[in-house]
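Here the structure comes first, spelled out in structure tokens, and everything after it is commentary.
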Amino acid sequence: MFADSVRIPLQEDVMLDNVWHTTVWAGNAGWHTLHTDNTAPLPYYVCNHEEWLSLATTNQMNATSRAANKADSRISDRDDGAKRDTTNLFLYPFYTGYGIFVVVT
């Protein structure tokens with residue numbers, strides 16, 4: 001395997017046959033290429049520090065938005081259930097034939 005024409009060592013997975021691992025540390029930001037002798041090149045991009053902070057902030061905002069939407073849907077589901085339960089509790093005496101009698105003398 002080569003990273004930008006520099007040979008990098010591979011280590012075979014101890015549990016899986018024919019699965020190999022390596023780590024590549026790019027020296028600078030920009031486009032880089034991984035390739036072997038008999039495969040097509042695999043280009044990859046390394047962000048500089050400012051781009052990385054922007055990407056990390058965007059990903060964090062998207063994750064927060066997804067979590068908030070999920071929490072809102074759970075709260076609204078609970079609210080609907082609570083309303084139904086309250087309604088059923090209120091109507092229970094009428095369904096069972098029991099009445100509430102108030103005697104004023």
Side-chain angles (χ1 to χ4, degrees):
M1 165 133 333
F2 295 90
D4 295 332
S5 73
V6 175
R7 181 176 290 275
I8 56 174
L10 298 173
Q11 181 178 11
E12 188 172 11
D13 193 288
V14 294
M15 302 297 280
L16 303 170
D17 288 335
N18 295 324
V19 175
W20 298 81
H21 302 276
T22 191
T23 302
V24 176
W25 297 98
N28 54 356
W31 284 99
H32 300 274
T33 306
L34 289 175
H35 61 90
T36 62
D37 292 332
N38 54 358
T39 61
L42 174 68
Y44 65 98
Y45 185 77
V46 176
C47 298
N48 64 26
H49 185 68
E50 291 79 22
E51 290 173 324
W52 178 252
L53 290 176
S54 175
L55 177 63
T57 301
T58 301
N59 288 341
Q60 185 177 18
M61 288 170 38
N62 289 338
T64 300
S65 177
R66 284 191 304 272
N69 289 338
K70 191 181 293 187
D72 286 345
S73 69
R74 282 192 221 134
I75 289 170
S76 66
D77 289 346
R78 265 190 266 141
D79 286 347
D80 293 343
K83 289 176 188 171
R84 280 194 299 270
D85 291 343
T86 303
T87 303
N88 289 339
L89 258 171
F90 174 74
L91 296 175
Y92 180 76
F94 300 106
Y95 291 145
T96 59
Y98 295 108
I100 300 173
F101 297 100
V102 177
V103 178
V104 178
T105 57

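This chain uses plain numbering: 1 for the first residue, then up along the sequence.
- Taken from CG in L34 to CZ in F2, the straight-line distance is 11.5 Å, to the nearest 0.5 Å.
- Hydrophobic cluster membership differs between L42 and W31, with clusters built from Ile, Leu, Val, Met, Phe, Trp and Tyr side chains linked at under 4.5 angstrom.
- Remark: side-chain polar atoms of Q11 are not paired, donor with acceptor, to backbone N or O of T22 under 3.5 angstrom.
- Here the closest heavy-atom approach between residue H21 and residue D13 is recorded as NE2-OD2, 2.8 Å.
- N18 contributes atom CG, which lies 6.0 Å from atom CD of E12 (distance to the nearest 0.5 angstrom).
- When atom types are taken as modelled, the side chain of S65 and the backbone of M61 share no donor-acceptor pair closer than 3.5 angstrom.
- Nearest approach of D4 to H32, heavy atoms of both residues: OD2-ND1, 2.5 Å.
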Sequence neighbours left out, cut at 3.5 Å: what donor-acceptor pairs do the side chains of residues 43-55 make with other protein atoms?
residue	atom	partner	partner atom	Å
Y45	OH	E51	OE1	3.2
Y45	OH	E51	OE2	3.4
N48	OD1	E50	N	3.2
N48	OD1	E51	N	2.9
E51	OE1	N48	N	3.1

